[in-house]
Amino acid sequence: MRKYRTPAAYALAVLLLLVVVVLMTPNGTTRARWSAAGQAEVPVLTMGVIGFDVAGDGSSATLTNTSGFGIRYRPVQVALVDTTGAAVTPPAGLRFAYRTGAACGAPESPASWTAVAPGGSTPVAVPGSTPAPLERDRPAELCLTVSTDGAAEDALRALAGRSLQVVTRLEASSLDGGTWSATRSWTAPFTVDLPPVTAPSVPVPADAAQCGADKSTAVLRWTWSDRPGGPAVEEWQVLARPMGSTQAPTVLMTVSHGAARTAQLGAVDLRRVSDLRSSQDYEVLVRAVFAAGGTTHADSAYAWKIKTPGASGNINCEGLPS
């Protein structure tokens, strides 16, 4: 006897259809796999590039902004180099001042940025301050002034007469938005002038020559005024020549540099000027001899008149008329 299972097969087919429908019905946990693609054209994109040109001319420079937007700038570092490009350490107290504007070359105009060399290091950082704006296609002037007023004279003498260059590193950044930046260098010539030398003082006789009690010596005294920046006195010399003579005076004695500034002159010392045994009149001066370098000496006027009567070995003291 044949058995039919059609109802059971039908039921199984219906159940399978329901499962497929449930699986294909979207719900909150079902992830769709449908997608679509399209193509659209957009304008050409450009990266922000700062156009910052620095054209130096001696101690001034012209700054130009060729960017498509506003920028700001400031000096961030300054250094000294020689003609070969080798670094030179700026002496302590050397001052670099930067001024802006049409009249930036005038020293009385206020400085926008200032850097003072601390000594012993190079390059020198320019302290941070507010950058200056630089409009597009509107050049600005920047001037540099180097002052040696705060530097020690000995340190300046080591650089005096050398042809140096001041290299300034400038930094520019975008004015509104963006973080673009650019750096440029500006080189300006610089020569350290010799420090001014103050004219030396001149010894001034304090009084007329005074003879000792035994009439064998004359006591000479003079004063001296040290001038700031003037040379130091290394020693004193006493010189004499026959009265009325035009010959160069003869050095009679050397006196060490001391506060007393006095000398004792005897008849035997005057004999070095003349071998005459008869009475002789002499005119005497004092000379300040300076340390090596610069002016070598400074003489007082002929301020003392001293007589040697005959061969007695005695002397008479007088003052010369002023």
Side-chain angles (χ1 to χ4, degrees), residues 52 54-63 72-132 134 140-173 181-200 226-232 290-295:
F52 182 47
V54 179
D57 183 12
S59 60
S60 64
T62 301
L63 313 182
R72 52 190 172 185
Y73 72 93
R74 72 181 184 92
V76 294
Q77 184 177 279
V78 59
L80 279 184
V81 299
D82 60 19
T83 53
T84 67
V88 176
T89 302
L94 196 65
R95 183 175 181 269
F96 304 90
Y98 297 90
R99 296 175 171 83
T100 58
C104 66
E108 62 272 11
S109 61
S112 301
W113 303 278
T114 301
V116 179
S121 63
T122 187
V124 178
V126 180
S129 59
T130 304
L134 185 60
E141 296 298 315
L142 180 65
C143 298
L144 167 66
T145 302
V146 183
S147 174
T148 60
D149 293 345
E153 182 176 319
D154 290 344
L156 292 177
R157 287 190 181 278
L159 299 176
R162 295 179 60 183
S163 295
L164 304 175
Q165 294 177 323
V166 179
V167 181
T168 301
R169 183 168 174 262
L170 297 164
E171 182 181 78
S173 58
S181 64
T183 58
R184 299 290 185 270
S185 293
W186 160 39
T187 301
F190 173 60
T191 301
V192 180
D193 295 328
L194 287 170
V197 177
T198 304
D226 290 316
R227 295 181 181 177
F290 306 126
T295 305

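Side-chain contact between D57 and T62 is absent, with no heavy-atom pair separated by less than 4.5 Å. Taking 4.5 Å as the limit, every side-chain heavy atom of D149 sits out of range of all side-chain heavy atoms of R95.
In this model, a donor atom of one side chain and an acceptor atom of the other lie less than 3.5 Å apart for T168 and Y98. A donor atom on one side chain and an acceptor atom on the other are not found under 3.5 Å apart for S60 and E141.
Taking A86 as the reference, D82, T84 meet the side-chain contact (heavy atoms from CB on, under 4.5 Å) condition, with sequence neighbours excluded. Listed by chain and residue number, F52, A61, L63, L170, R184, W186 satisfy the side-chain contact (heavy atoms from CB on, under 4.5 Å) test with V54 (two or more places apart in sequence, or in another chain). Every residue two or more places apart in sequence or in another chain that forms a side-chain contact (heavy atoms from CB on, under 4.5 Å) with V146 is listed here: L94, F96, L144, V166, F190. The side-chain hydrogen bond (donor to acceptor under 3.5 Å, both in side chains) check on S112 picks up T100, with sequence neighbours excluded. Legend: residues meeting side-chain contact (heavy atoms from CB on, under 4.5 Å) with S59, ordered by chain and number and at least two apart, are absent. Contacts of Q165 classified as side-chain hydrogen bond (donor to acceptor under 3.5 Å, both in side chains), with partners at least two apart in sequence or in another chain: none.
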Tell me which donor-acceptor pairs under 3.5 Å the side chains of residues 113-128 have, and how far apart each pair is, sequence neighbours excluded?
unit_1	atom_1	unit_2	atom_2	d
W113	NE1	S129	OG	2.8

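Put simply, CZ on R72 and OG on S181 are 11.0 Å apart, with the number rounded to the nearest 0.5 Å. Atoms CG and CZ, from L134 and R74 in turn, are 15.5 Å apart once rounded to the nearest 0.5 Å.
Under the ring pair (Phe, Tyr, Trp, His ring centres under 6.0 Å) criterion, no residue pair touches residues 148-168, with sequence neighbours excluded.
Annotation for C104 and R99: closest pair CB-O, 3.4 Å, computed over non-hydrogen atoms.
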Intermediate values then yes/no, side chain to side chain contact (heavy atoms under 4.5 Å, CB included), V88 and R162 | CA-CA 11 Å; V88 176; R162 295 179 60 183; 4.0 Å; yes
